[in-house]
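A quick write-up on the structure given underneath.
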Protein chains: 2
Amino acid sequence: MGTSKKEVFSNSQNRLADIGKAFAHPARIAILEFLAKQNACVCGDIVEELPLSQATVSQHLAELKRIGLIKGEIEGPKVCYCINKKAWQEAKQILAQFLNDAKSCC
Amino acid sequence: MGTSKKEVFSNSQNRLADIGKAFAHPARIAILEFLAKQNACVCGDIVEELPLSQATVSQHLAELKRIGLIKGEIEGPKVCYCINKKAWQEAKQILAQFLNDAKSCC
DNA sequence: AACTTCTATCGTATTATTACGATAGAAGAA
DNA sequence: TTCTTCTATCGTAATAATACGATAGAAGTT
């Protein structure tokens, strides 16, 4: 009790839920928006964009990396982040399919 | 500390995060999938579809109602649920815009 | 080597979420 | 009225998520 019973749901349901979780916090939305509008990797200045501490931003970045939507590459003393295009397309496809399956009702 | 600092983010960022939260649990995905594939309102049999208790399912339904993605109408002793088409379209539009704004990178 | 810069992680406190049994209330059936 | 059915809510327990200061480690600079 208290634990999410994800083992009783299908892989695709859990994958979609994970994508949803990536979007389920305004800070992660802000991070993704910032990365998405760039045309290149962003090195470092993400923390300055957000009204959150460096530790908190790092946690959100780690969660987005776990889900796969962003990539981080070490570049000297900094780390460069960018959208993972492949996972982004996959998320777009999964969400579009899910959202388009709703039939009319009521 | 511990509280989500949603007040420092924009309304649209928080709205998108709320939509993400609706999708952020496999049980809610399962509920939405079940409702979405129907061509009519579903009265009652949602609990039997899910390996969760009636109380837990009711909580998930309440959360989906709060976010606006589903509607519930009292029909005799039962309650009929269905996708809220308007909010569903809104969610689709918001997500599509967000997902399509990613520029190429790396 | 010593210093600076950048980021991940640890430790920790607080709030949120998830889950379920039990109960209450609403509405039709007997 | 009494019974049954259905659903929301209460109470509660446990886990997850959020946030941040402090610290550690990696890498370049002086």
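Values below: all heavy atoms of this structure, side chains included; hydrogens, waters and symmetry mates excluded. So you know, we letter chains A, B, ... as the sequences are listed, proteins then strands, and number each from 1.
- Atom CD of A:Gln59 is separated from atom P of D:dA22 by 16 Å (rounded to the nearest Å).
- Judged by closest nucleotide on DNA chain D, B:Lys65 is the one of B:Lys65 and A:Gly76 placed further toward the 5' end.
- The CD1 atom of B:Ile29 sits 16 Å away from the C1' atom of C:dT18 (whole-angstrom rounding).
- The residue B:Glu63 sits apart from the nucleic acid: no heavy atom pair falls under 4.0 Å.
- Here C:dA8 presents its C1' atom at 17 Å from NZ of A:Lys78, a figure rounded to the nearest Å.
- The residue B:Leu61 sits apart from the nucleic acid: no heavy atom pair falls under 4.0 Å.
- By the 30° and 60° cut-offs, the orientation of the rings of B:His60 relative to B:His25 is tilted.
- Minimum atom distance to the side chain of A:Ala55 is reached by D:dG21, of the listed D:dT18, C:dA19, D:dG21.
- At a threshold of 4.0 angstrom between heavy atoms, the contacts of A:Ser58 include nucleobase atoms, whether or not backbone atoms are also involved.
- Ranking C:dC20, C:dG28, C:dT18 by closeness to the B:Pro77 side chain, first place goes to C:dG28.
- Counting only heavy atoms from C-beta outward, the side chains of A:Leu52 and B:Lys5 approach each other to under 4.5 Å.
- Taking atom NZ of residue B:Lys5 and atom C1' of nucleotide C:dA13, one finds them 15 Å apart after rounding to whole Å.
- Residue B:Thr56 places at least one side-chain N or O closer than 4.0 Å to OP1 or OP2 of C:dC20.
- In this structure, B:Leu64 and B:Arg28 have side chains that are in contact, with non-hydrogen atoms separated by less than 4.5 Å.
- In this structure, A:Lys6 atom NZ and D:dA17 atom P are separated by 9 Å, rounded to whole Å.
- Between B:Ser4 and A:Ser4, it is A:Ser4 whose nearest contact on DNA chain D lies nearer the 5' terminus.
- Using the six-membered ring where Trp is involved, B:Phe98 and A:Phe23 have ring planes that are perpendicular, over 60° apart on the 30 and 60° scheme.
- Rounded to whole angstrom, the span from the CG atom of A:Leu52 across to the P atom of C:dA8 amounts to 15 Å.
- A close approach under 4.0 Å does not occur between any side-chain nitrogen or oxygen of B:His60 and OP1 or OP2 of C:dT17.
- Side-chain atoms of A:Gln13 come within 3.5 Å of backbone N or O of A:Ser10 as a donor-acceptor pair.
- Using a 4.0 Å heavy-atom cutoff across all strands shown, B:Ser53 reaches at least one base atom of the nucleic acid.
- The nearest whole Å value for the distance from the NZ atom in A:Lys21 to the P atom in D:dA16 is 9 Å.
- Contact annotation: side chain of A:Gln54 to base of C:dA8, donor-acceptor pair present below 3.5 Å.
- A residue-by-residue look at B:Arg28 and A:Val47 shows that A:Val47 has its nearest nucleotide of DNA chain C further toward the 5' end.
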- [ ] Would you please test A:Leu99 and B:Trp88 for side-chain contact (heavy atoms from CB on, under 4.5 Å) and show each step?
- [x] CA-CA 8 Å; A:Leu99 287 165; B:Trp88 192 265; 3.9 Å; yes

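- The distance from atom CD of A:Glu7 to atom P of C:dA19 is 9 Å, rounded to the nearest whole Å.
- Heavy atoms of B:Ile74 sit nowhere under 4.0 angstrom from any nucleic acid atom.
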